[in-house]
Amino acid sequence: MNRFFVGGILAIAGIATLAAQQPAPKPEPAGQAPAAKQPQPKSKGEVEAIQAMFQAPNADARIKAADDLITKYADTDFKDLALFFAAASYEQKGDSDKAIVYAERAVDANPNHYQSLLLLARLIAQRTREHDLDREEKLGRVEGYVKSAEKALATAQKPNPQLSDEQWTGAKKDMLAQGHEALGMAAMARKKFDVAATEFKTAVEGSTQPDPATMVRLGSAYNQGGKYDDAIAVLDKVLAMPDAHPAVKQFAQAEKVRATQMKTGGAKPAAAPGTSVTPGTVEIKKP
């Protein structure tokens, strides 16, 4: 599951929603970016439904609360956000099919919902394989979603006046990095390994906190493109990260062995236990 979508994005959305329940903010100081107009709950019951969604203890409870909100309050200003919460929660549960359905509904509700656009791009790119008959149709959707998200982010205002310009700039950088990661996975499905490496490298260098899993994908793209020294260098960085998930490190080690053996003309080693490599993507299955 992607670190940013279930962490940073939900946190940003949460800040925005909780702020919507507070008194109108004072005007922004001169020189600071303006905040976007906040969605507003229309009744006490809707406030309670929103709070239930944010206070849900797990993915299943969050999905139920999101569904309850949009069912009981069909005209809620928070429909796109609730649908995105459900989509991210289904991803957390490992149900990509339902995650895509809910993210598409969020985009239907708000075509500029950049979080859902980026989630769709990444999920579809992850599921696209080199020999899929509809590969180009799916990858075209990935590219379209990323382009739409980038356009929306270019003019997006802070979701909350309490969010500093620096924090908002960092959040946008992280979201743009997610778009580049999706484009990198699309390039892997097309076996355009140099393009994939460029996109993954842009994602790693452009984010405020590089995702070790993205770095492993970068190493895999280097391996596939025959740039074994570059692969080893980036994979060594992952292996040195104290907070990287053990499964990610396991995959990084397998890719490093692969790079070392390929560099010396040896056979390609099998993937490490608990991981799987599929054409066009790197999938890391966490225990």
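Positions are given from 1 along the sequence. What you see below is based on every heavy atom in this structure, not just the backbone, and it leaves out hydrogens, waters and symmetry mates. Owing to the predicted nature of the structure, the values given are computational and were not obtained by experimental measurement.
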Check the hydrophobic clustering (I, L, V, M, F, W, Y; side-chain heavy atoms under 4.5 Å; chains of links allowed) and say if V107 and F85 are grouped together. yes
Does NZ belonging to K98 count more than 12 external heavy atoms closer than 6.0 Å? no
Measuring from atom CZ of R122 to atom CE of M185, what distance do you get when rounded to the nearest 0.5 angstrom? 6.5 Å
Result block: side-chain N/O donor-acceptor pairs under 3.5 angstrom for residues 41-49, not counting sequence neighbours:
unit_1, atom_1, unit_2, atom_2, d
K42, NZ, D75, O, 3.0
K42, NZ, D77, OD1, 3.1
S43, OG, E46, N, 3.1
E46, OE1, K42, N, 2.9
E46, OE2, T76, OG1, 2.6

Smallest heavy-atom separation, A82 atom then I70 atom, equals CB-CG2, 3.8 Å
What is the ring orientation for H113 with F84, classed by angle as parallel under 30°, tilted 30 to 60°, or perpendicular over 60°? tilted
For S220 and E255, which heavy atoms make the closest approach, and how far apart are they? CA-OE1, 3.5 Å
L69, I63: one ILVMFWY side-chain cluster at the under-4.5 Å cut-off? no
Please report the closest heavy-atom contact between Y145 and A121, naming both atoms and the distance. CB-CB, 3.9 Å
So does A221 get a backbone contact from the side chain of K227, meaning a donor-acceptor N/O pair under 3.5 Å? no
Kindly say whether A189 contributes a backbone atom to a donor-acceptor pair with the side chain of R135 at under 3.5 angstrom? yes
Donor-acceptor contacts, no H, no angles, side chain residues 195-202, under 3.5 Å, sequence neighbours left out:
unit_1, atom_1, unit_2, atom_2, d
T198, OG1, D194, O, 3.1
E199, OE1, H180, ND1, 2.7
T202, OG1, T198, O, 2.8

For the residue pair M241 and P212, what are the closest heavy atoms and their distance? SD-CG, 3.5 Å
With hydrophobic residues grouped by side-chain heavy-atom distances under 4.5 Å, do L117 and V142 end up in a single group? yes
So do the side chains of M188 and R217 get within less than 4.5 Å of each other, counting heavy atoms only? no
In terms of heavy-atom contacts, A259 and I232 come closest through CB-CG1, 3.7 Å
Show the nearest heavy-atom pair for residues W168 and L163, with the distance to one decimal. CE3-CD2, 4.0 Å
Is F54 reachable from F78 through a run of I, L, V, M, F, W or Y residues, each pair having side-chain heavy atoms under 4.5 Å apart? yes
Do other residues, nucleotides or ligands put more than 12 heavy atoms under 6.0 Å from K237 NZ? no
Salt-bridge present (K64, D68; N to O < 4.0 Å): yes
So how far is it from K138 NZ to I124 CD1, rounded to the nearest 0.5 Å? 9.0 Å
K173 side chain to T208 backbone, donor-acceptor under 3.5 Å: no
Quick one: side-chain hydrogen bond (donor to acceptor under 3.5 Å, both in side chains) partners of Y90, sequence neighbours excluded? none
Quick check: does any side chain N or O of D134 sit under 3.5 Å from a backbone N or O of E137, one acting as donor and the other as acceptor? no
Polar contact flag, side-chain donor to acceptor under 3.5 angstrom, D95-Y102: no
Interatomic spacing from OG1 in T128 to CG in L139 - rounded to 0.5 Å: 5.0 Å
Does the side chain of K191 reach to within under 4.5 Å of the side chain of F193, using non-hydrogen atoms? yes
Quick check on the hydrophobic clustering: are L81 and I50 connected, directly or via other members, by side-chain heavy-atom contacts under 4.5 Å? yes
